[in-house]
Amino acid sequence: MQIETLLNAEIKKVVQSLFQADVNDNLIQLQKTRKEFEGDITLVTFPLLKVSKNSPEKTGEIIGEYLKEKVEEVSDFNVIKGFLNLSISDKYWSTFFNSIYTSEKYGFAANASGKTILLEYSSPNTNKPLHLGHIRNNLLGFSVAEILKANGHYVKKVNLVNDRGIHICKSMLAWKKMGNGETPQSSGIKGDHLVGKYYVEFDKMYKAEIKSLMEAGKSKEEAEKNAPAIIEAQEMLRKWEAGDKEVVDLWKTMNGWVYEGFDVTYKKLGVDFDKFYYESETYLLGKKAVEIGLQKNVFYKKEDGSVWCDLTADGLDQKLLLRSDGTSVYMTQDIGTAIQRSEDFPSTNQMIYTVGNEQEYHFKVLFLILSKLGYDWAKECYHLSYGMVELPEGKMKSREGTVVDADDLIDEMVKTAKTTSEELGKLDDCSEEEKEKLYQTIGMGALKYFILKVDPRKGMLFNPAESIDFNGNTGPFIQYTHARIQSLLRKADFFIDEVSLGDYVFDTSEKEIIKLIYDYPETVKQSCNEYSPSIIANYTYELVKAYNHFYQALPIFKEENEEVKKFRLQLSKKVATIIQQSLALLGIQAPGRM
RNA sequence: GGUCGCGUAGCUCAGCUGGAUAGAGCAACAGCCUUCUAAGCUGUGGGUCAAAGGUUCGAAUCCUUUCGCGAUCACCA
């Protein structure tokens, strides 16, 4: 039984018998005792003063006496102002530890929730390589999926690839004009980077044309509209939509290069998907929904033929759904895609969209329109919104070259892992293959932890000039602790079975760890409720810090009491398991040595 | 201008469903490898929690206002 639940019930009894009053749960405020005070759990007595009709100190004393007397688990107490600090007996903690020690899935939901969740993430454009912003999206999406699974949900990961549109035509056009048939094979450039190169080329060409048009006396707006490059790109898009063979073939070829490139990056990031959707296949969806909406009078048509949804009653604006020429917009597609998905996965209970916070308004509108159309599941849709990754000079912009490229960053992290490992020289007896794998594990561990330890909703800053740390609150620090424990366990060549500690009194560092282990299931739940890997990351860091303190303070193999020695090994092993599982929730591997 | 979000140590971040003296890491300084991995441990210095009001026994946390930063409000995606 959870100690808080037990105490809560007992305290109610005390209040009833001593003060003749019934109190509800919100008056019984239990919290963890702060480190600087003696005790494990603290009851805040201020809210109880009204019924106790006593001073805070006196109230604490009375309740404390009673609990110590009547409740076996409460071994002692002290009162400081309005805080009753309760010490929980070592027996309780050691019984607790024994009860979970062998449970492999401790912390994770024991049973399936029966809930199916569709989680969209990544969703790249096929006209440029992935950058740091995409890394955050991918790591966040993957990790949240793992966290949902740990909480018993069934998760389908989907990726909606933005593979069509004017921006794709820009790369295609530039390649056609200046590419001289260059391919990833002929140039040795990774496919997505090659296509990205031509996207930048297009922009240069376009800007130059605008400049000369403006010099010829055109306004900026006119120049932007009438530059030959953009007109050609638009023409190309029309041809693509008409199914022009030449354009479609080029589109297929260049997208193929991009996919090969993305595949490599996804593998390095360790992310995967259950299903891909392509916008080229979904962009016409949604028109049917518009018709239904018109019939239901959820939407209305203007004189020019454009279709709108009036959201002013909900505090939002008018939203366009079909242009006057009958073509659809982003919102129309998203409506269609959502409906399509609900049909593809009829058992879905919830859809989650991992998309940057710049699109908060878009999703608010999307979910609102879907529910106006009568889809019940719309209220279960959730925009997993995350903050932008900014550089010291501000937002990243692909066209201006102020981006941190995903592949470059990954390579750099792995290289740093290699350099550091070589300096430390602990892997000298490993095979080259093992070493390379470890560099990968450590480098990616550093990168992933760096991204995921930050609350996803918040923006974050990345300074490329300061490399990502490998010491302190970092992935490698946590991985290192895991490796260190594994080393211990390898040395313990005996089987650690039952331990009888007798009257052994825990060292504070041992108790600290047990209490953290006790918190683990709650942490896994909380990270799920808040869709926040950072909660797992911060928890793991706390656990690891407590473990390192213990490791430093107390001997393990040199401990003379055999039972205590075995207990410390058990404790170490459990910590290692939790580290490994927590890191897995973040998509990070826990190496056996490093 | 409307809406939403943010502002905590030199830097990067925790803490925010109200609780005790606001925490970590990095950077700086001082210690610890003849005990199990020093990618570690211990310690020192560093704060008007943007500002001002309010609610409360109690506010970094809730409310209001102001300032600053960002996003968004397209017949772009």
Side-chain angles (χ1 to χ4, degrees), chain A residues 26 29 31 33-37 42 44-47 49 56 80-83 85 125 162 164-167 279 283 302 304-308 315-331 333-334 356-362 364-365 385 387-388 390 392 394-395 417 420-421 423-424 426 442 445-446 450 453-455 457-463 466 468-481 483-492 534-535 537-538 541-542 544-545 547-559 568-569 572 593-594:
Chain A
N26 60 20
Q29 291 185 20
Q31 54 193 246
T33 304
R34 296 183 60 138
K35 272 197 184 132
E36 56 268 37
F37 302 101
T42 295
V44 185
T45 56
F46 290 112
L49 300 186
I80 296 166
K81 293 190 272 184
F83 300 93
N85 300 322
N125 289 337
N162 187 342
R164 56 143 241 128
I166 190 75
H167 50 293
E279 209 179 277
Y283 82 107
K302 283 192 183 172
D304 63 4
S306 57
V307 176
W308 297 74
L316 304 172
D317 298 314
Q318 312 268 335
K319 189 71 201 175
L320 176 83
L321 294 166
L322 279 187
R323 296 187 186 99
S324 48
D325 65 5
T327 55
S328 56
V329 292
Y330 181 43
M331 183 58 75
Q333 292 172 37
D334 264 9
N357 62 9
E358 57 198 356
Q359 293 198 35
E360 260 162 26
Y361 182 76
H362 172 78
K364 212 182 202 174
V365 171
S385 165
M388 297 290 106
E390 295 213 353
K395 210 182 157 184
T420 310
S421 297
E423 276 168 16
L424 292 168
K426 293 177 186 174
I442 298 164
F450 176 80
K453 77 172 174 187
V454 181
D455 184 338
R457 291 178 288 266
K458 290 193 179 174
M460 64 182 291
L461 193 112
F462 175 76
N463 187 349
E466 299 166 15
I468 294 174
D469 243 298
F470 280 57
N471 299 319
N473 187 358
T474 66
F477 168 61
I478 293 166
Q479 291 173 318
Y480 172 74
T481 305
R484 209 189 213 180
I485 297 174
Q486 292 308 321
S487 164
L488 273 181
L489 296 175
R490 277 192 296 271
K491 289 192 170 101
S534 72
I535 290 170
N538 286 309
Y541 176 61
E542 288 303 320
V544 163
K545 244 190 343 178
Y547 183 81
N548 279 322
H549 177 72
F550 154 81
Y551 181 90
Q552 167 75 24
L554 301 173
I556 296 174
F557 284 110
K558 298 257 160 139
E559 170 59 42
R568 288 183 184 158
L569 280 166
S572 301
R593 58 177 293 184
M594 65 185 275

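Naming: A, B, ... by sequence-line order, numbering from 1 per chain. Owing to the predicted nature of the structure, the values given are computational and were not obtained by experimental measurement.
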**Asked** Taking both distances under 3.5 Å as the test for a Watson-Crick or G-U pair, what stems of at least three pairs does RNA chain B have?
**Response**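 Stems (3+ consecutive pairs) listed as B:1-7 with B:67-73, B:10-13 with B:23-26, B:28-32 with B:40-44, B:50-54 with B:62-66.
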**Worked check of ring pair (Phe, Tyr, Trp, His ring centres under 6.0 Å) between A:F550 and A:Y547** = CA-CA 5 Å; A:F550 154 81; A:Y547 183 81; 5.3 Å; yes
List, with names and distances, any nitrogen or oxygen atoms from the protein found under 3.5 Å away from nitrogen or oxygen atoms belonging to nucleotides 40-44 of chain B.
{"from": "B:G40", "atom 1": "OP1", "to": "A:G472", "atom 2": "N", "distance (Å)": "3.1"}
{"from": "B:G40", "atom 1": "OP2", "to": "A:N471", "atom 2": "OD1", "distance (Å)": "3.4"}
{"from": "B:G40", "atom 1": "O2'", "to": "A:R484", "atom 2": "NH1", "distance (Å)": "3.2"}
{"from": "B:G40", "atom 1": "O2'", "to": "A:R484", "atom 2": "NH2", "distance (Å)": "3.3"}
{"from": "B:U42", "atom 1": "OP1", "to": "A:H549", "atom 2": "ND1", "distance (Å)": "2.9"}

**Prompt:** On RNA chain B, nearest-nucleotide positions of A:T420 versus A:D469: which is more 5'?
**Reply:**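 Of the two residues, A:D469 wins.
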**Item:** 5' precedence on RNA chain B between A:L424 and A:I80 (nearest-nucleotide basis)
**Value:** A:I80
d([atom1], [X]; [atom2], [N]) in whole Å:
X      : N     : atom1 : atom2 : answer
A:Y330 : B:U72 : OH    : P     : 12 Å
A:K558 : B:C36 : NZ    : P     : 7 Å
A:D317 : B:C75 : CG    : P     : 11 Å
A:L321 : B:A77 : CG    : C1'   : 15 Å
A:E390 : B:A71 : CD    : P     : 7 Å
A:I166 : B:C75 : CD1   : P     : 17 Å
A:D334 : B:A77 : CG    : P     : 11 Å
A:L320 : B:A77 : CG    : C1'   : 13 Å

**Fill in**
Value for CG (A:N473) from OH (A:Y541), rounded to nearest 0.5 Å, stands at 4.5 Å
Which one, [options], comes nearest to the side chain of [X]?
X      : options             : answer
A:V44  : B:U72, B:G19, B:A77 : B:G19
A:F37  : B:C75, B:A20, B:A77 : B:A20
A:K364 : B:U21, B:A24, B:U3  : B:U3

**Message:** Taking B:U21 as the reference, what is the distance to B:G7 when you measure between their P atoms (whole Å, please)?
**Reply:**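 Result for the P pair: 24 Å, nearest Å.
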**Asked** Syn or anti for B:C33, taking syn as within 90° of 0?
**Response**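 Here the answer is syn: the torsion falls within 90° of 0.
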Regarding [X], tell me which of base, sugar-phosphate or nothing describes its non-hydrogen contacts under 4.0 Å with the strands shown.
X      : answer
A:I478 : nothing
A:P392 : nothing
A:F46  : base

**Complete:** Nucleotide by nucleotide, nucleotides 5-15 of chain B touches protein heavy atoms under 4.0 Å in the pattern (B base, S sugar-phosphate only, - none) --S----SSS-
